Every structure is written in C-alpha cells, then in structure tokens.
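Hydrogens, waters and symmetry mates play no part in the numbers below; they use all other heavy atoms, side chains included. Chain letters run A, B, ... following the sequence lines, proteins first, then strands; residues in each count from 1. Keep in mind that what you see is a predicted model, and the values were worked out from it rather than measured.
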Amino acid sequence: SSIAGMPPDQVLLVLQGAEPPILCARQKMSRPYTEVTMMAMLTSMADKELVHMIAWAKKLPGFVQLSLHDQVQLLESAWLEVLMIGLMWRSIHCPGKLIFAQDLILDRDESTCVEGMAEIFDMLLATTSRFRLLKLKPEEFVCLKAIVLLNSGAFAFCTSTMEPLHDSTAVQIMLDTITDALVHYISQSGCTVQQQSRRQAQLLLLLTHIRHMSNKGMEHLYSIKCKNTVPLYDLLLEMLDAHRLH
Amino acid sequence: TSLKEKHKILHQLLQNSTSPVDLA
C-alpha cells in the first residue's frame, strides 16, 4: 500500500496494526547471572526480535515499495535504535526495570555482571523515565518508532558512513506522512497550539538520546563479539557487522 | 563482496513473500 495521500488516522491504524508481539525468552538461565548467561539471553532475544522487526518494517506503508537496497540500508542503520525504543515502551510502567521479554525482566543492579552494561542500562532507564513523565501514548510511540527507522539512515550519506539511499525522496515522503500523523494525533489532545508544538519537540528530541544509546550499545556488542565468549546468532552478527563495515 | 552476499539473511527475510516470522 502506498503512503502518499493516506489520511493521518489511517496511518495511525496501520502503524498500530503492524506492532510486533511481546516475545518470551523461554531459555531462562538461573540467577545470579554471569556475563556469559546474561549476554546469551539478551543476544538471543535481540536475534528473535530482529525477525519480528523485519516483519514489522514490511507492514509499514510504502516500505516494501522501496528498493531492496534502501530497505536493507534503513534496517541496518536503525535496528538497535528500534529495539531500544521498543524495550523502553514495554518498560514504561515498571520504573527501574527493563522488560526484555514477558519472562525476562531485569533491574539495573543485575546488569553489573556484564562489564560496561550498567552504563547502557542507566541511559535506557533514564530515557524510559522521560517517556513515563511525558505520558507517551501508543499512537505517539508507533509514529516515533517508524520515524526512527526512516530517519536513521535517511541522511547518513552526509557522514559518509554508509551508501546513499537509491530513493531518498520516497523515504522523505514516508517520513513526512508519519510526522504529519504524529502532529495530527497531538493536535487532537485539546492542548493549546503552543503546548502541541512543545510536545512535538519534546518527543522528537528523545530521538537524539536513542541514537546515542544505540551507538553505545553497538560498541558494547562489538566488544562482546571480540571477547568470543558468547556465540552470536547469524542475523544479529550480520546486522552488527553492517555497522563495522560502514 | 556483493551486497546480496553481505546481507544474506536480511535479504532473504525481506525478499520472501512469506512472513519473516514464519520463515525463521
């Protein structure tokens, strides 16, 4: 389905319908966790979630009409940001905890068993608190997540870290349409125009934090790979390597 | 290395008409 001309309410419905399920970890390790068991659980979850993320992306209006090259570029660029915003959304009602899966809920202190992990947990928990304070709505969340995917790689050619998109205009149209849907949703809140503008800015400013956390997380995952103590799954490796290649 | 070779799994999951979840 094409996104051009799609009414904002329909965009919101499609985005909400595309949402992936909350998964189960199943391979529960015994506590207390070690660096190896913790990373084995987290990387296994990330690998499973990546498959659902690809299914989600294919349901975004306009995504499958992009060239395969552009689909790959966007997913490679944004995958950890998309995982992180989903994690924070799942955790919004549980202060101090991160809900990686229905049966994998971790608090900050548990992350200290992995070197360098507590710093990333702290950033994720702080940004989740910001989501909670802003009372982020499901409609706003689905827009932000789609914006993260489309924005992350859209202007990357400026930094020469990845190949340019074949059709950046098509991605920009998708981005504009989803931004319009977000603005439309906020406009129905009954707030003043000034408050609406402020909320749009507050929500979009969160994306800078998500990009920062993703960069930190990518470096951390790469260090885990280099230690060679936790076997990484093929799809996760492929996505991680894409960042190293760039 | 061609793009296709570099991104084997991602390409397969994106290209196939079957849901990536079912494929995996």
Side-chain angles (χ1 to χ4, degrees), chain A residues 17-24 26 43-60 62-80 82-83 149 153 162-166 232-246, chain B:
Chain A
E19 271 302 280
I22 300 179
L23 304 179
C24 282
R26 292 213 170 86
T43 54
S44 166
M45 276 312 303
D47 189 73
K48 280 190 235 177
E49 276 199 85
L50 278 172
V51 175
H52 286 271
M53 185 193 300
I54 296 164
W56 160 78
K58 289 174 80 170
K59 290 178 193 165
L60 300 183
F63 189 82
V64 294
Q65 279 79 40
L66 299 174
S67 69
L68 190 59
H69 170 270
D70 288 357
Q71 294 178 32
V72 166
Q73 292 289 105
L74 293 174
L75 281 164
E76 278 186 353
S77 183
W79 68 272
L80 191 50
V82 174
L83 285 185
L149 175 70
M162 58 185 282
E163 295 173 51
L165 295 174
H166 285 166
L232 298 185
Y233 294 80
D234 289 343
L235 179 56
L236 185 61
L237 265 180
E238 205 177 89
M239 302 300 266
L240 177 63
D241 283 345
H243 276 254
R244 301 312 300 183
L245 287 169
H246 296 148
Chain B
T1 313
S2 77
L3 188 67
K4 191 163 186 171
E5 282 165 332
K6 273 196 310 192
H7 310 292
K8 257 177 156 173
I9 307 170
L10 181 55
H11 265 245
Q12 192 192 343
L13 295 175
L14 281 169
Q15 272 186 312
N16 208 301
S17 56
T18 312
S19 163
V21 180
D22 295 335
L23 271 182

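A:Asp70 is linked by a side-chain contact (heavy atoms from CB on, under 4.5 Å) to A:Leu66, A:Ser67, A:Leu165, A:His166, A:Asp167, counting only residues two or more places apart in sequence or in another chain. Considering only residues two or more places apart in sequence or on other chains, A:Leu23 meets the side-chain contact (heavy atoms from CB on, under 4.5 Å) condition with A:Pro21, A:Met45, A:Lys48, A:Glu49, A:His52.
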Exercise for the section: Apply the test side-chain contact (heavy atoms from CB on, under 4.5 Å) to residues B:Leu13 and A:Leu50: give CA-CA distance (whole Å), side-chain angles for both, the deciding distance (0.1 Å), then the verdict. Expected result: CA-CA 10 Å; B:Leu13 295 175; A:Leu50 278 172; over 6 Å; no
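Using a 4.5 Å cut-off between heavy atoms, A:Leu75 contacts chain B through its side chain alone, with no backbone atom that close.
Closest heavy-atom contact between B:Leu14 and A:Lys58: O-NZ, 3.0 Å. Nearest heavy-atom pair across A:Glu238 and B:Leu10 is OE1-N, 2.9 Å.
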